[in-house]
Amino acid sequence: MELEQSCIFCKIVRQEVPAKRIAETENVLAFFDINPAAPTHILLIPKLHIASGNDLNLAHGPLLAEMILLATDLAKQQQIDGTGFRLVLNTGPAAGQSVDHIHLHLLGGREMGWPPG
Ligand code: DGP
């Protein structure tokens, strides 16, 4: 509970911290990343606090589907579906997870290398 009170993304959900929101569903909020790494860079988060991908289980299946389908809808809306886009779920410090509330990055609008750095 204490973690959820101080979590920056929970604060965005509660509108205690401003964010440029683009879409939401019953369980998912989408907003533009404050530090974009691509011409289109949107974050999709569950409205309820889940700290990391390590905390996911089968019961989260419908939520994950909701996140991915909203991301693909937004990719169409942002017109990056044709050129291509990337969905990223950084999990843990070595992968670069800096906010302990799961977030799916939707990145597009530029060429991307593989493997990612
Ligand atoms: P990651 O490194 O995977 O944990 O990505 C966290 C992302 O969250 C990073 O790209 C910057 C973004 N971010 C952090 N704080 C805020 C915020 O207060 N508002 C918005 N819009 N994005 C944020």
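As the structure lists them, so they are numbered: ligands from 1, and atoms in each ligand from 1.
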Notebook entry, point to check: Can Leu29 be reached from Met67 by stepping across I, L, V, M, F, W or Y side chains whose heavy atoms are under 4.5 Å apart?
Noted result: no

Margin query: Between ligand 1 and His41, is the shortest N or O to N or O distance under 3.5 Å?
Written below: no

Note to self: Test your reading of the structure: does Ser98 have an N or O sitting under 3.5 Å from an N or O of ligand 1?
What the structure shows: yes

Top protein contact for [atom], by heavy-atom distance:
{"atom": "atom 21 (N) of ligand 1", "answer": "Phe32 O, 2.9 Å"}
{"atom": "atom 22 (N) of ligand 1", "answer": "Ile34 N, 3.2 Å"}
{"atom": "atom 18 (O) of ligand 1", "answer": "Ile8 CG1, 3.6 Å"}
{"atom": "atom 1 (P) of ligand 1", "answer": "His103 NE2, 3.1 Å"}
{"atom": "atom 10 (O) of ligand 1", "answer": "Asp33 OD2, 2.5 Å"}

Item checked: Closest non-hydrogen atom pair, Ile22 against Gln78 -> CD1-NE2, 3.3 Å

Checklist line | Test: Glu24 and Lys47 ion pair at under 4.0 Å | finding: yes

Margin query: So is His105 touching ligand 1 or not, going by heavy atoms under 4.0 Å?
Written below: yes

Notebook entry, point to check: Does Leu89 reach ligand 1, in the sense of a heavy atom lying below 4.0 Å from it?
Noted result: no

Next item on the list: Taking atom types as modelled, find out whether Glu66 and Thr25 have a side-chain donor-acceptor pair closer than 3.5 angstrom.
Entry: yes

Contact atoms of ligand 1, heavy-atom distance to [X] under 4.0 Å:
{"X": "Gly96", "answer": "1 (P), 2 (O), 3 (O), 4 (O)"}
{"X": "Gln97", "answer": "4 (O)"}
{"X": "Phe31", "answer": "20 (C), 21 (N)"}
{"X": "Phe9", "answer": "8 (O), 16 (C), 23 (C)"}

Item checked: Nearest-0.5 Å distance that lies between atom CG in Leu44 and atom CG in Leu89 -> 11.0 Å

Check: Hey, what do you get for CG (Leu74) to CD1 (Ile42), rounding to the nearest 0.5 Å?
Finding: 5.0 Å

Check: Once the angle between the rings of Phe9 and Phe31 is folded into 0 to 90°, is it parallel (under 30°), tilted (30 to 60°) or perpendicular (over 60°)?
Finding: perpendicular

Margin query: For the CG atom on Leu69, are there more than 12 heavy atoms of other groups (residues, nucleotides or ligands in this structure) within a distance under 6.0 Å?
Written below: yes

Notebook entry, point to check: Is atom CD of Glu26 surrounded by more than 12 heavy atoms (other residues, nucleotides or ligands) closer than 6.0 Å?
Noted result: no

Checklist line | Part of Ile12 with heavy atoms under 4.0 Å of ligand 1, whether side chain, backbone, both or neither | finding: side chain

